[in-house]
Structure formats: structure tokens, C-alpha cells
Amino acid sequence: MTETCKACHDPLIISLDPEDLDNGENQPQTVPDDLLLPCGCHFHWQCLLDESSTIVSTLSCPSCNTYLSSNAAGASSSSSSSAPAPADPVILTHYTNEGGVDPSLDIYPSLAEEAYLTAHPEARPARAFHTLVSEGEVQGMVELLADVDGNEEAPLSAAQLLAWRDPLNGGRSALHVALEARQEEAVWLLLWLGSRARREDFPEAVVQVAAANGLPRRLEGVEDGEDVRFVKDERGRTAGDVCLELGEPWTKLVEGGLFS
Ligand SMILES: [Zn+2]
Ligand SMILES: [Zn+2]
């Protein structure tokens, strides 16, 4: 008997949009999408993610109720002197999709992220913003902020987005992310838009690009509004602390007084 998805009862394949295919005759119209849980139940990837809130709270299969979490054998390598941190659950699955087979995929992180985003939909655009930042997609960053400015129903304002701390990523702000990814353009853009750093502390090229694109100093002459330079992550690090961790040439930003 062919297995089907325990959630939607369809075969464990997904149909490709014909418009995404070339016109070759022999191309498959479907690709596998088969997530096998430790209990033996199969799901489509998205069908299981749709159950993420329940699974994260119960750690059980939404179909047969079997407890799913396992501890990865021999995973602990921390020294015995420090108290062990509470480990995240591990849900090892066997996943087959278009890209091939992953025989031991821990899906707990994906489920935890999806459960969080389901409960906190305002975090979705902010997470998307951080992804653009980490990739140095400066144009995309500007466009996303413009979209937020133009949308009165946006859950976070552009100012809130600039200073937002990602609970799924150690409380890092966009500036933490930009620095750790060494995306220099993104760093300058975030400082320009989201800090009260003095104009004379910016490289002339940055000032010219900002002026040419009509990018405002959003905090200039504004009393409230969180300065991105002083946002701390969960470890208490400001952007300046990250610069010092990165070493040269980033320490020069701190030594030049940009963060004070
Ligand atoms: Zn399904
Ligand atoms: Zn099951």
C-alpha cells in the first residue's frame, strides 16, 4: 500500500506548477515530499509545519500521539564543570524531497521557528529584513522599509523594525546580524537610518549614496526612537561589542568614536 500524508491523506508528492517547467516532454510533473517521523507516520513538509504549535508543546506525533523527541547520542561535549544548558528536543526524521534524501534530519528547529512565527506574525517581516541584511541586499532593505512606511497596518513600524531583536537568533538586531556577516554596506545603511551617530563620522561615499537615494536620518531631531547602536542582544552585546569581537578593521569603527 502506498503511504499517504497523515494530515491531508494525499500521496507524498507535490505537483509542480507547469509554468515553472521548461517545455521538455520528459520532465516529471511531480517531486517527492515525504517526511517520515520516528513513529512511522508520513507527512508533507508543509502539512507537518502546519501542526508545529501542537508538536512543539507536546513533542508528539499529531496523528498517532507517539512521543517523538530523542537525545542525539554522544552529542554532549561540554565540560563537566559547567552546568549543562537545557538541551533543545531533537526530532530525527527521514526526509525525501526534490533535492534527495536526508536520512537524519532534525526538524525540531524548523518546527520551533514556525510555531514562534505563528504566535508572533509581526516577526515575519522583521525576520525577512534580517535575512536581507545578512545577505547584504541593501536595495532590498530599503524597499522593505519603504513598504512598511507605506503600510499603516504593518505590525512593526520601520523604526521598530530597525531596532527589533530576534528572539530566534539570540536577540540580535539587524546591526548585530550585519556586522557578524561582515556586510559593510548594510552596516552603514543601518547606522545611517537607525542611529544618531554624527554625520561627520560617516564615510563621504556613504553620505553621497544616502543623499542620492533620499534616505533619511530617521532619528535626527527625534526625541524617542531606539538608537540601533545601543540595542543589546541576549548576551548583553551592543554593536560596538561585536566590532571588538570581529577585530580589524571593524575595531576602527569603535576607536573612531562612532559607537559612543
Ligand atoms: Zn499533506
Ligand atoms: Zn505518528
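Remark: Glu180 engages Arg172 in a salt bridge, criterion side-chain N to carboxylate O under 4.0 Å. Using a 4.0 Å cut-off between a side-chain N of Lys or Arg and a carboxylate O of Asp or Glu, Asp233 and Arg235 do not qualify as a salt bridge. We find that Glu226 and Lys232 are not joined by a salt bridge, their nearest charged nitrogen and carboxylate oxygen being 4.0 Å or further apart. In this structure, Glu113 pairs ionically with Arg127, as a charged nitrogen and a carboxylate oxygen lie closer than 4.0 Å. Between Asp149 and Arg218 a salt bridge is recorded (basic side-chain N to carboxylate O distance below 4.0 Å).
With hydrophobic clusters built from ILVMFWY side chains whose heavy atoms lie under 4.5 angstrom apart, Tyr67 does not share a cluster with Leu92. In the hydrophobic clustering of this structure, Leu48 does not group with Val90; members are Ile, Leu, Val, Met, Phe, Trp, Tyr whose side-chain heavy atoms approach within less than 4.5 Å, directly or through other members. Leu49 and Leu12 end up in different hydrophobic clusters when Ile, Leu, Val, Met, Phe, Trp and Tyr side chains are linked at under 4.5 Å. Put simply, Val209 and Val207 are part of two different groups of oily side chains (I, L, V, M, F, W, Y) that touch within less than 4.5 Å, one to the next. Connection of Val231 to Val242 is not established within any shared hydrophobic cluster, with ILVMFWY side chains joined at heavy-atom distances below 4.5 Å, either directly or through further cluster members.
Contact record, Leu175 with Ala239: CD2-CB, 3.4 Å, taken as the closest heavy-atom pair. When all heavy atoms are compared, the tightest approach of Pro125 to Leu144 is O-CD1, 4.1 Å. Taking every heavy atom of both residues into account, Leu193 and Pro216 meet most closely at CD2-O, 3.3 Å. Nearest heavy-atom pair across Gly194 and Leu162 is CA-CD1, 4.2 Å. Taking all atoms of both residues into account, the shortest heavy-atom contact from His44 to Ile14 is CD2-CG2, 4.5 Å. Here the shortest heavy-atom pairing between Pro155 and Gln160 reads O-OE1, 4.2 Å.
By the 30° and 60° cut-offs, the orientation of the rings of Trp164 relative to His130 is perpendicular.
The closest side-chain heavy-atom distance from Leu16 to Gln29 is not below 4.5 Å. In this structure, the side chains of Phe129 and Ser134 stay at 4.5 Å or more apart for every pair of heavy atoms. Within the 4.5 Å cutoff, side-chain heavy atoms of Leu189 are placed close to those of Leu215. For the pair Cys61 and Leu68, the minimum side-chain heavy-atom distance is below 4.5 Å. Between Val133 and Val177 there is a side-chain heavy-atom pair separated by less than 4.5 Å. Tyr116 is listed as a side-chain neighbour of Leu168, based on a closest heavy-atom distance under 4.5 Å. Inter-residue side-chain proximity for Cys243 and Leu179 is flagged as met; some heavy-atom pair is nearer than 4.5 Å. For the pair Arg196/Phe230, no side-chain contact is recorded, criterion being any heavy-atom separation below 4.5 Å from C-beta on.
For the salt bridge (charged side-chain N to carboxylate O under 4.0 Å, His left out) test, residues two or more places apart in sequence or in another chain that qualify with Glu200 are Arg198.
For the atom pair CG of Leu191 and CG of Asp201, the computed distance is 10.0 Å after rounding to the nearest 0.5 Å. Here the NZ atom belonging to Lys6 is positioned 13.0 Å from the SG atom belonging to Cys47, to the nearest 0.5 angstrom. Annotation: the span from Trp45 atom CH2 to Thr93 atom OG1 amounts to 7.0 Å, rounded to 0.5 Å. Note that CG of Asn151 is 11.5 Å distant from OG of Ser157, once rounded to the nearest 0.5 Å. Atom CG of Asp33 is separated from atom CD of Gln46 by 9.0 Å, given to the nearest 0.5 angstrom. Between the CG atom in Leu35 and the CZ atom in Phe43 there is a gap of 8.5 Å [rounded to 0.5 Å].
In this model, a donor atom of one side chain and an acceptor atom of the other lie less than 3.5 Å apart for His42 and Asp34.
One N or O on the side chain of His176 and one on the backbone of Ser173 form a donor-acceptor pair closer than 3.5 Å. For the pair Asn169 (side chain) and Asp166 (backbone), a donor-acceptor distance under 3.5 Å is absent.
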Before giving the answer on side chain to side chain contact (heavy atoms under 4.5 Å, CB included), spell out for Ser53 and Glu114 the whole-Å C-alpha distance, their side-chain angles and the decisive distance to 0.1 Å.
CA-CA 8 Å; Ser53 301; Glu114 187 63 22; over 6 Å; no

Salt bridge (charged side-chain N to carboxylate O under 4.0 Å, His left out), that's the test. Do Arg165 and Glu234 meet it? Break it down for me.
CA-CA 9 Å; Arg165 300 163 76 245; Glu234 283 171 7; 5.9 Å; no

Considering only distance and modelled atom types, tabulate donor-acceptor pairs under 3.5 Å from the side chains of residues 98-111, sequence neighbours left out.
| unit_1 | atom_1 | unit_2 | atom_2 | d |
| --- | --- | --- | --- | --- |
| Asp102 | OD1 | Ser104 | N | 3.1 |
| Asp106 | OD1 | Ile91 | N | 2.9 |
| Asp106 | OD1 | Tyr108 | N | 3.0 |

Under 3.5 Å donor-acceptor pairs involving side-chain atoms of residues 249-260, not counting sequence neighbours:
| unit_1 | atom_1 | unit_2 | atom_2 | d |
| --- | --- | --- | --- | --- |
| Thr251 | OG1 | Glu248 | OE2 | 2.7 |
| Lys252 | NZ | Glu248 | OE1 | 2.9 |
| Ser260 | OG | Gly257 | O | 3.2 |

